[in-house]
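Both backbone and side-chain heavy atoms feed into the values below; hydrogens, waters and symmetry mates do not. Just so we're on the same page: letters track the sequence lines, and every chain starts at 1.
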Amino acid sequence: MKSLNKILTGIIGIALSFLAAAVLIKLQGNSPIDAYRALFNYGLASWFSLSSTLNNATPLILTGMAAAIAFSSNVVNLGEPGQLIVGALTAALLGYYLPIPGILGIFVILIISGIVGGLYGGLAGVLKKYYKMDEFITTLMLNFIADYLTLYLATYPFLDEKSYVPATHMIKREFFLPTINGINISFFIAIFMVFVSFFVVTYLKKGYEWRMMGHNYDFSKIGGCKNEENLIWVMFYTGFLSGLAGALLILGGTQHRFIKGIGANYGWDGVMLAIVGGNGVVETSVFAIFFGFLKAGGIGMEFEVSIPSEFTMVLQAIIVLLVVATRSTISYYSDKIKASLKAKRVVKSSD
Amino acid sequence: MRDSFSSATPILLAALGGTFTYYANVFNIAMEGMMLIGAFFGVLGSYLFQSWAMGMLFAVISGAVVALIFSAFALSLKTDEFLTGIGINMLALGGTTYLLRNIFDVKGAFISPRIESLPTWDIPILNQIPILSQILNNHPFIVYVAILLALLLEVIIFHTKFGLRLRATGEDPETTRSLGINPNKMKFTSILLSGILSSMAGTYLSLGYVTLFSENMSNGRGWISLAIIILVKGRPLGILLMSLLFGFFESVTFTLQNFNIPPQITSMLPYVITLVVLFLYSSSKSKEEK
């Protein structure tokens, strides 16, 4: 019921945003109908566009899930962009230098990159536990530091001299993740992680403690959970997911190397997705696929109607704002109506 | 030293804007986006009319409009403030890049001789004093406005009726309401003021020390401002000092680059400093508690 509600208000919000965006497109002198037709054609209409939607959604599923798990545990992890990019660089370097062959190598790369992302996230958790440093600020600052640090590493020590922009060497061909009918294996890995996370959060004792910590911090403390320790674990796990997202971008993407700007906005998109999905693991993943559709379709809008692809970003922001606004407005007024009905009933019965 | 003041100004202005929302208990993380939008519209206004004043006007109006959007969602529609802020930031980043491509037909950065930069001030008595003059004189006028504003804000927030009401709204909106003050109105005013000041900070970025607009040129300064506000618990004079400290480290960044230290490493400095300051602050506080 609750998730149905979330999805229903989501659909209303999305419909409203498309209307609002249509006005913007019209103001630009383009036809909204043509624009949306292109969006649909490139995002959903054929097998090819469907597969590119799913491929685009892969990192979003992971970063969105990371943010959702953190938020629902009352941990403000805004460090997904940094954790992702650290994981991506690790994967790029391992992919070039790691001597382990084939599938085993891929496995090792993914795990280590995830762990590096996890440690980077865990750092913020440690700073919080031992030094009471607000994780809101630390994760943000660590993002910028990760950005410059990885760029430095890709520009100087690990630069591929043949490339025109700061980039590392291409990883070994044997580590490229293959595609099945156009859908990259990395998508299935992401979906697998959705199941793993759902299991962890729903059935494991640790996951239960995390949720309790988000639900009622003091209660869980009295109940014997080590909240501060759990905070580090949440940071590590969500950092692991983000780092994995970065690694999959390298192994399963199109570049197969670390290039300036590879993280794009995946991290921030993840944060937004988590909020739109109401911090549910599954809901967030559904919205991630929808955002993947927007990204794939945005290219279509650029090709066919010559609306710059940046417009997708604007559209995403509008969608996020309107979806949540719709949800909070509806729940605010339905609560109000419920309350006034109840008041009337009380007045009646006392007569 | 001279560069410290120019680097400090945008952070200072945005942080001062954030002070209003801080005391009104509005979680305003949209400053980054407001800054970026101010930077863009400052350039647009200046370009269209070849006048810095029109740039300023455009920026302030755009800042006010963004503040209106923020209030519409956060106050009227009861959307989570945190999310509204992130949404606004995304809107700003995507929107300015999109407009850059749509209006000027460029990607990355826009430079034009038609853009007029902010005028600098030659202050009468100051220009007589040898060393101080070098450091303090002939800055774009916003630098002086920002410093004066910091002093003024200290007075406004702690010694005026408006300041009292603002703080009361933040502490306990229900009691304030019973005293006949509309807390939503106070919150709206604070968001509006922070929007205007943040957009001015943005204008300083694009028309102050450079005259161009580039994608994502605010580059985390809004976040640093927010970190400063939280660190000094909103005290305007504390903000002034901290901003100057950050300005100093940012200007050190430029100097270090002359010594063959890679720019990526030096660019990391302001963020590392934020962490270090936060670390020192937290550990000194936890010692006090013991």
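- Going from atom CZ of F287(A) over to atom CG of L60(A) covers 13.5 Å, rounded to the nearest 0.5 Å.
- With a 4.5 angstrom heavy-atom cutoff, V271(A) touches chain B only via side-chain atoms.
- Proximity to chain A (any heavy atom under 4.5 Å) is shown, for L93(B), by both the backbone and the side chain.
- Relative orientation of the F104(B) and F110(B) rings is parallel, given thresholds of 30° and 60° on the angle between their planes.
- Of the two parts of L269(B), neither the backbone nor the side chain holds a non-hydrogen atom closer than 4.5 Å to a non-hydrogen atom of chain A.
- Under the side-chain contact (heavy atoms from CB on, under 4.5 Å) criterion, L68(B) pairs with F188(B), not counting sequence neighbours.
- By number of non-hydrogen pairs under 4.5 angstrom with chain B, the leading residue of I145(A), I275(A), L142(A) is I145(A).
- Contacts of I224(B) with chain A are made by both backbone and side-chain atoms, with heavy-atom separations under 4.5 Å.
- With a 4.5 Å cut-off on non-hydrogen atoms, L321(A) touches chain B through its backbone and its side chain both.
- Evaluation of the ring-ring contact (aromatic ring centres under 6.0 Å, His included) rule for F40(B) yields F213(B) as partners, not counting sequence neighbours.
- By the 30° and 60° cut-offs, the orientation of the rings of F27(B) relative to F82(B) is parallel.
- Taken to the nearest 0.5 Å, the CD1 atom of I86(B) stands 4.5 Å off from the CD1 atom of I29(B).
- Listed by chain and number, the residues in a side-chain contact (heavy atoms from CB on, under 4.5 Å) with V232(B) are I239(B), M242(B) (sequence neighbours excluded).
- Between the CZ atom in F58(B) and the CD1 atom in I37(B) there is a gap of 14.5 Å [rounded to 0.5 Å].
- With rounding to the nearest 0.5 angstrom, the CD1 atom of I232(A) is 10.0 Å from the CG atom of L123(A).
- Residues L39(A) and F18(A) meet the side-chain proximity criterion, which asks for heavy atoms closer than 4.5 Å.
- Looking at L78(A), the atoms closer than 4.5 Å to chain B (heavy atoms on both sides) all sit in the side chain, from C-beta outward.
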Are there donor-acceptor pairs under 3.5 Å across chain B and chain A? List atom names and distances.
unit_1, atom_1, unit_2, atom_2, d
L77(B), O, S328(A), OG, 3.2
L77(B), O, T329(A), OG1, 3.4
K78(B), O, S328(A), OG, 3.4
R101(B), NH1, E310(A), OE1, 3.2
R101(B), NH2, E302(A), OE2, 2.8
N102(B), ND2, Q28(A), OE1, 2.6
N219(B), ND2, Y148(A), OH, 2.9
Q264(B), NE2, T155(A), OG1, 3.4

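- Looking at F279(B), the atoms closer than 4.5 Å to chain A (heavy atoms on both sides) sit in the backbone and in the side chain alike.
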